[in-house]
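All values derive from a computational prediction rather than experimental measurement. As the structure lists them, so they are numbered: ligands from 1, and atoms in each ligand from 1. Nothing fancy with the numbering, it's 1 onward along the sequence.
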Amino acid sequence: MSIFTRDRNLIGVLDLQGGVWEHLDHFDRIGIKAAPVKDASAIPGLAGLVIPGGESTCLSRLIRIFGLEQPLIEACNRGTRLWGTCAGAILLAQTLKGEEPHLGLINIELERNSFGSQLDSFFREVLVPKVAPDPVPLTFIRAPKIIRAGQGVDILLEMDGYIAAAETQEILVTVFHPELTDSLAFHRYFARKCGLTLLSGNVPARDPEWRMTSWTRYHPAPSC
Ligand code: GLN
């Protein structure tokens, strides 16, 4: 049974490149209906949309090629919640150090590849009080840093002199990948941000069944 009271609302995961299935698998584990989205016409009906991690230059080109730039901006302006993980956060930022911004929807400045190369990727467990009562595992893969959060942006997690997660009412950005861990906390947090209500009951903070390859079990409906 779904742990959320409203299952008519759909969360989309932008299905152009990057970690799409891992997000879909996490939403499935918390009983939330989620679907891969490629088509501009599917975007306005969504309660929320995840722009996954991957490679932001590649993703931004595909967004332009598929004509998704305006539909994404308009959906956000009409209230669809957006969550950018890593490359997705880069696409949503208003300012990029040394580069032109892409969608420019949230008043933050980001520096890409700020920890170094792919080999400087790392894993941490950190308390994010607004998201979960216990420390949350976080995976950083060639991550950016949020180096400034402007007016109207709330900081969810600051560590070692940079911002790792922030939000406005409409947009969540995380420079790490909760979908590459056994934690469901950020997916629950985003579902609530989309207006999906958590039913009471004992909900495990971590999924005992999860493994790094778990997403391969997941066979969602074709992209819309
Ligand atoms: N380094 C990538 C970029 O700049 C982001 C990496 C990621 O999404 N894990 O686009």
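- Listed by number with element, the atoms of ligand 1 under 4.0 angstrom from any heavy atom of I141 are 6 (C), 7 (C), 9 (N).
- With a 4.0 Å cut-off on non-hydrogen atoms, I90 touches ligand 1 through its side chain and not its backbone.
- Atoms of ligand 1 lying under 4.0 Å from at least one heavy atom of E55, given by number and element, are 10 (O).
- A salt bridge is absent between R192 and E167; no separation between the charged side-chain nitrogens and carboxylate oxygens falls under 4.0 Å.
- Looking at R142 next to ligand 1, an N or O pair under 3.5 Å apart turns up.
- Taking distance alone, with nitrogen or oxygen atoms compared against 3.5 Å, T85 stays at or beyond that limit from ligand 1.
- Here the shortest heavy-atom distance to atom 3 (C) of ligand 1, taken over A89, S56, G88, belongs to S56.
- Evaluated for a side-chain hydrogen bond (donor to acceptor under 3.5 Å, both in side chains) with H187, the options E179, H23, H26 yield exactly one hit, H23.
- Between R112 and E55 a salt bridge is recorded (basic side-chain N to carboxylate O distance below 4.0 Å).
- A donor-acceptor contact shorter than 3.5 Å links the side chain of R81 to the backbone of G79.
- When atom types are taken as modelled, the side chain of T85 and the backbone of G53 share a donor-acceptor pair closer than 3.5 angstrom.
- The proximity of R112 to ligand 1, defined as any non-hydrogen pair under 4.0 Å, is limited to the side chain.
- Within the 3.5 Å criterion, the main-chain N or O of L46 finds a donor-acceptor partner in the side chain of T80.
- The distance from ligand 1 to the heavy atoms of G53 drops below 4.0 Å at these ligand atoms: 8 (O).
- A side-chain donor-acceptor contact under 3.5 Å links S121 to the backbone of R142.
- Nearest to atom 5 (C) of ligand 1 among the protein's heavy atoms is G54 O, 3.5 Å.
- For atom 7 (C) of ligand 1, the closest non-hydrogen atom of the protein is C86 SG, 2.9 Å.
- With hydrogens and angles disregarded, no donor-acceptor distance shorter than 3.5 Å links the side chain of K33 to the backbone of L10.
- Residue, atom and distance of the protein heavy atom nearest to atom 1 (N) of ligand 1 are N113 OD1, 2.6 Å.
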